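The structure appears right after this line, and notes come after that.
Because the structure is a prediction, the values reported are computed rather than measured.
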Amino acid sequence: MQYAVQLRGVTKTFGSVVANNNVDLYIKEGEILSLLGENGSGKTTLMNMLSGIYFPDKGQIFVHGEPVSIASPKAAFDLGIGMVHQHFKLVDVLTAAENIVLGLKDKDGYKAIGQKIREICDKYGFVVNPDQKIYNMSVSQKQTVEIVKQLYRGAEILILDEPTAVLTPQETQKLFSVMRNMRQDGKSIIIITHKLHEVLEISDRVAVLRKGEYIGDVPTSEATAQSLTEMMVGRAVKLNIDRPEPVNPQKRLEVRNLTVLNSDGLRALDEVSFDAYGGEILGIAGISGCGQKELLEAIAGLQTPAMGSSISYYPPDSDKASNLVGKSPLEISRAGVALSFVPEDRLGMGLVGSMGMTGNMMLKSYRSGKAVFTDRKSPKELAQRIVSQLEVVTPGISAPVKQLSGGNVQKVLVGREIAADPKVLMTAYAVRGLDINTSYTIYHLLNEQKKNGVAVIYVGEDLDVLLALCDRILVLCAGRVNGIVDGRSTTREEVGLLMTNLKEVSPNA
Amino acid sequence: MTQFIALFGEAIAFGTVILFGALGEILTQKSGNLNLGVPGVMYLGGIAGLTASFLYESAVANPNPMLCLLLSLIAALAAAALGGLIFSFLTISLRANQNVTGLTLTIFGGGIANFFGGSLNKLAGGVGQISVSVTSHAYRTNIAPLMKLKIGDFPIGQMLFSYGFMVYLAIALAVVLAIFLRRTRTGLNLRAVGENPATADAAGISVTKFRYLATTIGAAVSGLGGLFYTMDYIKGTWANEGTIEALGWLAVALVIFSTWKPLNAVWGAYLFGGLSRLWLYMPGLNRSSQELFKMLPYLVTIAVLIVVSLRKKRENQPPAHLGLPYFREER
C-alpha cells in the first residue's frame, strides 16, 4: 500500500520552543486519520508544515512516495494538499466563487466556475451558493466554502483543523457524511479534533502527539476514549465528572421577564425567567445563537434589557436584593457577578492579545493602585499562581497571550475570572477547543466554585458534559426558556428535543 | 456665466492633479499599503519631469516636442516609482510603520523637489526664469476644431475639449483601473491581498510581489499628478508655494471620498477641484473667510465618512488589512 503522505523525523522550533520534535507520521490513500493531542502538543504546527505555512527545520516529507519540499502554500496544493484552517482563510467582502478561485491561474469565467462548483457540491453532497458574499454566511457555510475551495484546487489530501469546534451536532453529522463520501472517492483526510466520540465515530486510525513528540498510532476499532486519553496525556485519567449534591442552596439571582432586542429590533431574548442558586451549577443548553450570549451579557450589564425586565441579585451577606438592570458592568462585577465568556475567536472578548498575562490580569485590577501609579505586583503574583495551578504552557508571564495556544489562552481567561472570587460565575463555552485533560481541569474548577457556594451558570455545547456536570439545565430555544430540567434525571433525548422544538406558549401560562 | 466657465476649467485642472494622485493611491491601498507619501511622490514626479525637459531643451537648439513629452513623462514616472519603491522596501521588506514612512516620504519628496527647483532657478538665471516652453506647449496642445464647438451660446467645446491630453489620460486610467479591480483575476487577487493577506498567501498569491508592484505602480501614477501641475497648470516652471502638497492631501482624502472606487474618484476629483478653487470666485471674501472656503473638500470628505459608516455597507469600507504589515509565520 502506497502512503499518500509520509513525514520522517520532522522537527520545528520557534525560538527556544520545540513545537515538533522528530515526528514520524503517515496517511494512506482513502483513509481518515485523526490527529490527537493536548493543546499545544504541536498538531497545528505539524499540519502547517504540510500546507506550506511553516517550513520544517529538519526532516523529510514524502508525498506519494516522492521526497518533496513544501516551501509555500502554493507548493502544497500543487502537490494536492489542502488545509482548512481553524480560523477560516476567506475574504469577507468577496463571494464564495471569488474566494474559491483566488490565486488560480486559469482563465475560466464565473459561469464556468459556478458550474464546476456545483459539480463538486453534487458529487459530495455540499450546498454552496457561488454568488453569496462570505460576510452573509454562517460559520458552517463558511467551512463548506473552505472545503469546496480545496477540492476545486484538486486536493487529494485534505487537512481539517478542528472543523467541528464551531458546528452544531446536526452540522457535524452533515460534515461527517461529506467526509465519508470523500473517503469513498479515494481522498485522504487528516482531522484534528478534541472530541473523542467524534474521533471514534469518523476516523479509521488515530495518531497521537504529546508535547511535540509522536507517541504512536492505533486503528480506531481497537481504541476507546479511555485508551486514547491515556496515550494523549501519558497517564491514566479519570473520565468521570464529579457532581456533588448542592449544599444549602440559596437564591443568588432572580431573573424575571428578561427581554433583549438585537440590532434589528427583534427579540434575541424573549421574556426569560429563572433563578440561580449558590452551590449549584445551572447549565444552559441550546443551539448556538438562541440567546445564550445575550442572556449572559444582559446579566453582566453589557446589553440593555427592554422595559419590564428585572434581574435581582441577592448578596450572601444581606437579605436585601439589588436590581442589576441599569447598573454599569463595573458595578455589577464589583457586586460579585463575574462573566467569563469565551467567544469563537477566543481573544475577541476579555483578553488583550498583545499584552502579557500580568497586563491582562490588570485589566480587572488597575483601578486599585495607589494614586496615579498602578499596582503591578499583585497581578503578577496572580498570573504566576494561574500558571502553576492551571498548568498554563507559556514562555513566561510577560509573553503576549496571543502567542499562547488556544487552550492556554482560555485557562488564563477562566483563571482570572475565578480569582476575582465571584458570587455568581457565568462561563460560556469555557472548554471550546480544549483538549480532554484541560477540559476536566476546568470542570474541576467549576465544581470547586460550586462547593464554595458560588452560583455557577455554565453555557455549554456538549450535551454529554451538560448532563454530567449540571444540577439543573435551562434549555433556550429561539430566545425563550423552553424548559428547565433536572440534570440528574433528564435524558439526552429530552434536552435535544427541547433544544429544537419550541413549545407552544399557552396564553394562560 | 464666464465666471462659471472659468471655475469649471479650474475644477478640471485641479481635479486632474488630484485624480492622478488618488488613482495611484487607490491602487496602492487596495494592496493593503497606506502610503501617506502621495504629496511626496507628486513632488518627485513634478520636479523630475521638469528637470528632464529643462536639461533637454537647454541642450539642443530645436527641441523635438514629442521627445520633450516622452523624456519628461519617463522621468516623472521613474522618479515617483522610485519613491514608491523606497516606501515598499521600508514597509514590506523591513516592516516599518506605514504611517511614519509615508509622512517621511512626503517631507522627503517636498525637500528634494524644492532643492532641485531652486537649483533649476539658479541655472535658468533667477526665480521664475525656468522655461520649458516646447514641452509645456506639447502638454497643453488641444484639439482645436472641437474647442470651437458650441450649443447655441454655450461654449461646450471650450468646457470639455480645451485641455491637454493628460486630462483625458486620467479619465482613461480611472476606467482601466476600475475594470482591472472589478473584472480581472489579477485585480481579484490584489483585493484579496489588501483584505486578508494570510488568506491570499494560503491561496498561493505572493503577497510581497503584489504589494511591491501595486505600491510602486501606484506611486508612479500619483507622480503624474505633479507632472500635470508643473507642465500644464503652471505652464512649465517651478513654484515653491506648496500647492502640490495641498493637492496631494486632497488626493488622499479623495481616496476615502470615493470609497476606493476609481470611477467615483473621477467626479469626486472635479468636485474637489471646484470646491478648492471656489473661494476665488466668491465675492467679498477676506483673508480669513477664504480659508473657510478652502476647507470645503475636507468637510465633504468628513460628511461622506459619516454617511458611509452609518450605512455600514461592507463594500464601502477600506481594505480590511490597510496599514498593517504581513508576516507569514507570525501567530
Side-chain angles (χ1 to χ4, degrees), chain A residues 12 14-15 17 19 44-45 48-49 51-55 71-78 82-85 87-95 97-110 113 133-136 146 149-150 152-153 263 347 353 399-406, chain B residues 26 29-32 95 97 179-211 213-214 258-261 308-331:
Chain A
K12 176 77 186 171
F14 293 101
V17 183
T44 303
T45 306
N48 274 336
M49 282 189 276
S51 63
I53 303 279
Y54 298 153
F55 195 77
S72 71
K74 195 178 172 309
F77 52 72
D78 287 344
M83 177 157 174
V84 175
H85 295 266
H87 303 290
F88 301 136
K89 304 241 185 230
L90 296 170
V91 180
D92 272 353
V93 294
L94 301 183
T95 64
E98 287 174 328
N99 266 289
I100 287 169
V101 298
L102 207 58
L104 292 181
K105 290 278 184 294
D106 64 283
K107 298 254 183 293
D108 285 349
Y110 282 105
I113 294 164
K133 298 259 180 167
I134 299 297
Y135 62 77
N136 281 330
E146 275 280 28
K149 178 169 135 190
Q150 303 307 333
Y152 190 96
R153 283 148 201 256
S263 55
L347 277 172
V401 291
K402 69 173 173 192
Q403 287 181 358
L404 308 187
S405 77
Chain B
I26 288 176
Q29 293 200 4
K30 278 289 178 185
S31 79
R95 289 183 215 115
N97 179 296
I179 293 172
F180 168 73
L181 288 175
R182 290 282 304 274
R183 298 260 174 252
T184 67
R185 283 288 184 87
T186 318
L188 175 71
N189 293 350
L190 176 69
R191 273 151 63 206
V193 169
E195 289 289 337
N196 192 336
T199 296
D201 192 15
I205 301 167
S206 168
V207 176
T208 306
K209 191 174 97 189
F210 266 84
R211 284 197 157 176
L213 279 174
S258 71
T259 61
W260 290 265
K261 294 184 183 68
V308 165
S309 40
L310 280 181
R311 279 172 60 202
K312 284 184 187 150
K313 207 168 155 224
R314 290 292 294 267
E315 281 77 2
N316 288 340
Q317 300 305 316
H321 218 260
L322 185 62
L324 303 172
Y326 174 66
F327 176 45
R328 186 188 284 168
E329 296 212 357
E330 190 173 59
R331 310 231 283 189

Exercise. Report the C-alpha distance between A:Leu104 and B:Arg185 in whole Å, list the side-chain angles of each, state the deciding distance to 0.1 Å, and finish with yes or no for side chain to side chain contact (heavy atoms under 4.5 Å, CB included).
Key: CA-CA 8 Å; A:Leu104 292 181; B:Arg185 283 288 184 87; 4.2 Å; yes

Self-check item: CA sep, side-chain torsions, deciding dist, call: B:Leu188, A:Val101, side chain to side chain contact (heavy atoms under 4.5 Å, CB included)
Solution: CA-CA 9 Å; B:Leu188 175 71; A:Val101 298; 4.0 Å; yes

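In this structure, chain B has no heavy atom under 4.5 Å from any part of A:Asn136. Contact annotation for A:Leu94: only side-chain heavy atoms (C-beta onward) come within less than 4.5 Å of a heavy atom of chain B.
Contacts of B:Asn196 classified as side-chain contact (heavy atoms from CB on, under 4.5 Å), with partners at least two apart in sequence or in another chain: A:Val91, B:Ala198, B:Thr199.
Once rounded to the nearest 0.5 Å, the distance linking CG of A:Asn99 with CD of B:Glu195 reads 10.0 Å. Rounded to the nearest 0.5 angstrom, A:Tyr135 OH and B:Gln317 CD are separated by 10.0 Å.
Of the listed residues (A:His85, A:Glu98, A:Lys74), the one with the most heavy-atom contacts under 4.5 Å to chain B is A:Glu98. Per-residue counts of heavy-atom pairs under 4.5 Å with chain B were compared for A:Asn48, A:Leu102, A:Asp106, A:Leu90; the largest is that of A:Leu102.
Listed here is the closest heavy atom pair of B:Ala202 and A:Lys89: CB-CD, 3.8 Å.
The backbone N or O of A:Val93 lies less than 3.5 Å from no partner atom in the side chain of B:Arg191, so there is not a single donor-acceptor pair.
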